[in-house]
Amino acid sequence: MTELELLQTTLEAEHAAVYVYGLLGSRTSQAGEPELYAALRAAYEAHREHRDTLIGEIAGMDGVPAPAASAYAAPAGLDTTDGRYAAALELERACAVTYAALVGGTTGERRGAAIDLLNESAARELSFRGTPEIFPGADELADR
Amino acid sequence: MPDRPLAPPVLGRRAALCAPLAGLDATVLATGCETGDDIAPSTSSTSSTSSGSPSTSPTTADATASATASATEDQRSPDQVLVDDVLAGLTAALGVLGQARKSREIRAEVTPLIKAHRRHVEVLEGELTREPQPGPAPAAAVALRLVRRQERDLHATLVDAAGRAESGALARLLASMSASITQHLSVLPTGADS
């Protein structure tokens, strides 16, 4: 995969993350579940910022930024607090996998930015009841 | 159960990364170091395991070991140098963690980091030593402060190495390890005066 293709893949992941976090936030009570709400909001804003950065970066490479899909599958379990935590954690872990792939396929400043994204995402997992992993974003190594 | 020794590492797993990290041969041999920890009894096995986990192909493992043994200082690739630096950092971190683990108050908190770093060493094909840590148990707050400092240093080393690695697979691995430290540091107690 070229760097541009990897950036497009990452952008697609950001589009999905923005959508799903928005959906999760809409199902979460700010008053009744303040901790989850704050974490979802922070994640939503972070991914939206990453999305916009990627759009600019891809455009700067004379690429056409991948658009958001017309629809995304809603994760299961949205009706309960536990389900929303689980969905958010799964989503963030998927983002970490995407960022790790970006690290492996880029160089220089772009790789440095990807390393930062991976670290941020790993930290964000903890706000969704995640626990420390041995290889965030590279799950295939953890259980060998 | 913090007092229960952890299972020894499964060194046979080390070839798991042979394909993605082809050409990556860790040359750091932590022989004679005094930075092991006291989690498990001293062993020097590099091929056996008591875990019952399947071992990897001897052919692959032998080839890796042979390549490692034949690598000399002058022949090390830039990525090998990076891995050696990381392994040195991991060894130092494990030493600090092993000392910290003597303090019962924080034993349960530092044990996950020890497990993670041991796995990190394995994947990088380094060698683990478990020589007993000399000296008494440190005060928990002091130990935590030292652990945090050491982990921050190791994190910086990993981020730098990930950025400079020629191999994309190695860069991904090192970045993932740095993210693991980020997570572990986030849940590590701060301690009253750390």
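Quick note on labels: first sequence line is chain A, next is B, and so on, each numbered from 1. Please read all numbers here as calculations on a predicted model, not as lab measurements. Side chains included, hydrogens not; waters and symmetry mates left out as well; all remaining heavy atoms used.
- Connection of B/Leu113 to B/Leu173 is established within a shared hydrophobic cluster, with ILVMFWY side chains joined at heavy-atom distances below 4.5 Å, either directly or through further cluster members.
- Checked for salt-bridge contact, A/Arg111 and B/Glu166 miss the test: no charged N lies under 4.0 Å from a carboxylate O.
- Residue B/His155 touches chain A through its side chain alone, counting heavy-atom pairs closer than 4.5 Å.
- Other residues, nucleotides and ligands place no more than 12 heavy atoms under 6.0 Å from the CZ atom of A/Arg41.
- Criterion: ILVMFWY side-chain heavy atoms under 4.5 Å apart, direct or through other members. Under it, A/Leu141 and A/Leu102 are not part of a common hydrophobic cluster.
- A donor-acceptor pair is defined here as one N or O able to donate and one able to accept, closer than 3.5 Å; such a pair exists between the side chain of B/His120 and the backbone of A/Ile134.
- Interface with chain B: from residues 114-122 of chain A, residues A/Ile115, A/Leu118, A/Asn119, A/Ala122 qualify, criterion being any non-hydrogen pair under 4.5 Å.
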Chi angles and distances behind the salt bridge (charged side-chain N to carboxylate O under 4.0 Å, His left out) call for B/Arg172, A/Glu140: CA-CA 12 Å; B/Arg172 175 175 174 268; A/Glu140 80 280 3; 2.8 Å; yes
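- Under a hydrophobic clustering in which Ile, Leu, Val, Met, Phe, Trp and Tyr are joined whenever their side-chain heavy atoms come within less than 4.5 Å, directly or via other members, B/Leu154 and B/Val159 fall into different clusters.
- In this structure, A/Gln8 places its CD atom where more than 12 heavy-atom neighbours from other residues, nucleotides or ligands lie under 6.0 Å away.
- The candidate with the highest count of non-hydrogen atom pairs below 4.5 Å against chain A, out of B/Ser178, B/Ser176, B/Ala165, B/Ser186, is B/Ser176.
- Heavy-atom contacts from other residues, nucleotides or ligands closer than 6.0 Å to CD of A/Glu5 number more than 12.
- Of the inter-residue distances, the one linking B/Thr182 atom OG1 with A/Glu125 atom CD reads 11.0 Å to the nearest 0.5 angstrom.
- In this structure, B/His184 NE2 and A/Leu126 CG are separated by 9.5 Å, a value rounded to the nearest 0.5 Å.
- No single ILVMFWY cluster, assembled from side-chain heavy atoms under 4.5 Å apart, contains both A/Leu7 and A/Val103.
- The same ILVMFWY cluster, assembled from side-chain heavy atoms under 4.5 Å apart, contains both B/Leu185 and B/Val86.
- Atom CD of A/Glu33 is surrounded by more than 12 heavy atoms from other residues, nucleotides or ligands within 6.0 Å.
- The two residues B/Gln183 and A/Pro136 have their closest heavy-atom pair at OE1-CG, 3.4 Å.
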